[in-house]
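Read the structure below first, then the notes.
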Amino acid sequence: MKAWLPALLAGRLIRLAWLLPLAAVGLFTLISLAPIDPVQAYVGGRTSQIGPEQRDAIAAAWGLDRPAVERFANWLGQLARGDLGQSITFNAPVMQVIAARLPASLALIGLAFVLSFVLGTALGLVAGATRGRWPDRVIRTIAVVMAASPGFWVAILLVAFFAVGLGWLPACCATPPGQLAAEVTLADRWRHMVLPVATLSVVGIAPLVLHTRQSLVAFLDSPAARHLSAHGATPLHLAFGPGLRHAAGVALTLHLAGAGELFGGSVLAEAVFAWPGLGQATVRAATGADAPLLMGIGLATLLFVFAGNLLADVAARLADPRLRGPA
Amino acid sequence: MSDATKLPLCLPEHLRRPQRRAKRHGIVALAILGAVLAGAVLLPDGALSVNAATRAQPPQPAHLMGTDLLGRDIAARTLAALAQSVQVGLLAAGASTIMAVVLGLAATFGRMADHVVGLLTELALGLPHFVLLIMIAFAMGGGTAGVVVAVALTHWPRLARVLRHEAQTIAASDYVAISRALGRSRLWVARHHLAQPLVPQIVAGFIVIFPHAILHEAGLSFIGLGIEPHLPSIGVMLSESLREIMAGHWWVAAAPGLGLMLVALTFERFGEALRQLSNPAGEEA
């Protein structure tokens, strides 16, 4: 019974071993279908200065004059050596672009993950404990409304209110513009994170609230909870005591499995706040027809989702020993 | 015995009167949909045009939601944009529902097909939803067609899973075996035993996909990979508003997002109510 973790890891690694190549072929096919000419996207407004010979030279330098199968083979060969190719928009190796921008995104996603988990679980427990009364109704209404709000619109409203209207918080970027990296204080960095993290937390909170509420309601109807309340435990005591233990494992599992969606949300949040992370790079790669960078980001986010799902599986088994049997 | 009348209160709220709830949400959602489509058609000529005399005005009786930097009325533009979004959303959600039906039912045709559908599902869920949307929209070269294809290709897994499960349960049931033993053809069984219970699920699935479709459409348009910028769309309006809120023009962003949220919210509620109605056991909360 104790050996559930290696078995789980082995099973998931086998899945990754066939998922990754399939996804790579799929992504490459998708990206080579794009009708956008990368050379034209690169040349942009300088059309008059760059002649057809130079265009051909650029295309040849990027290997665009060769057939797609050959390009894919080349790309795979590079990948085997740990090289994801050269980003067109950033004019740097894709690996380097991702490595430089991932920490900024992970900081947002990590903080939002923790914040939405704590808030979502707590609100869900309160809603479940006050089932049918006004706090429950208010919390559920907020959760449902949040789920239906476009995250980037919430971000714009936050900027309009807190940055422009009240002037409390900065509206853009990870650091004050025009300052050298060495001059930026830690307090500055935190101040710049508040609004993006708040935006991103909105994305993950609604399903968590509703789900936690649901599992607490199920617990409160159980004989164990009835027994405790016969001894005088109030619903709120039950919710944040045994109810929390009952609901937290499921909530964490759900939240980890949804962590990939936080990356999706961060693409939009980074677009609003000009946050120098991987989400912004995704948008620039897509609008600049930067195929190598898009491939790299696709694979990186695939691994991100995979890691989230794996952690979710581990969390589920840690929380509920009954799941530890053969999956 | 007076306690017995209070018993239904112990039921979870959503199980109390699911039919009436679904009807109420349905009427609200369809009324809003109708109002948006009719309102966009009935907009007076010139309501969307640029007017230098009324630039960047806050909400006031003549312009209920204010005007933008080019003097365009935000309320009228929001209505036109919503109509555009709703049409794109309906088209994309419809295409996605058809994909879900085809793939979900294909999974019942045999082991091989089931594996292939499982594989496609894994792949579609392997990337963050929005990243996959960006990739497909990019592959299509952006634009309205790109949005429709991207949304259609990414929203089917959940409904396909439900349909697959349902179809396999029905196919394995005794009454299907008895029907077959009585000499009914496969087609007859498919028509009478499979189609009938699945239709409500499919309708509910379509309604649930629709709000996601319009929200994702707006997201794609917002980052410049969606509906062409010269057409009024919520995503484009919000991305334009980004430049104006720094000048304190909050109203430029308020109305488009609020409109989109209202449409998404009402359909989300309608879809959930329908889903509970078609799946009373509440298998998945």
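Source: prediction; values computed, not measured. By convention in this document, chain letters (A, B, ...) are assigned in the order of the sequence lines, proteins followed by strands, and residues within each chain are numbered from 1.
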With heavy-atom distances below 4.5 Å as the criterion, would you say the side chains of I223(B) and F152(A) are in contact?
no
Name the option with the most non-hydrogen atom pairs under 4.5 Å to chain B; the candidates are L299(A), L210(A), T282(A), L22(A).
L22(A)
Between S241(B) and I156(A), what is the shortest heavy-atom contact and its length?
OG-CD1, 3.9 Å
Please determine, among H216(B), R269(B), H212(B), the option with the most heavy-atom pairs under 4.5 Å with chain A.
R269(B)
Is F138(B) close to T287(A) at the side-chain level, that is, under 4.5 Å between some pair of heavy atoms?
no
What's the spacing between S149(A) OG and L265(B) CG if we round to 0.5 Å?
7.5 Å
Residues of residues 127-134 of chain B with any heavy atom under 4.5 Å of a heavy atom in chain A
L127(B), P128(B), H129(B), F130(B), V131(B), I134(B)
What are the two closest heavy atoms between L260(B) and P150(A), and how far apart are they?
CD2-CG, 3.6 Å
In terms of heavy-atom proximity below 4.5 Å to chain B, should L303(A) be classed as side chain, backbone, both, or neither?
neither
Where along residues 116-126 of chain B does a heavy atom come under 4.5 Å of chain A, listed by residue number?
L119(B), E122(B), L123(B), L125(B), G126(B)
With only heavy atoms counted, which part of V283(A) is less than 4.5 Å from chain B, the side chain, the backbone, both or neither?
side chain
Scanning both residues in full, the closest heavy-atom pair of M135(B) with L294(A) reads CE-O, 3.2 Å
Which distance, rounded to the nearest 0.5 Å, do you find between the CE of M146(A) and the CE of M261(B)?
11.0 Å
If I measure from the heavy atoms of chain B, does A147(A) come under 4.5 Å with its side chain, its backbone, both, or neither?
backbone
Min side-chain heavy-atom separation F222(B)-L268(A) under 4.5 Å
yes
Return the option, out of P256(B), A218(B), S239(B), with the maximum number of heavy-atom pairs under 4.5 Å with chain A.
A218(B)
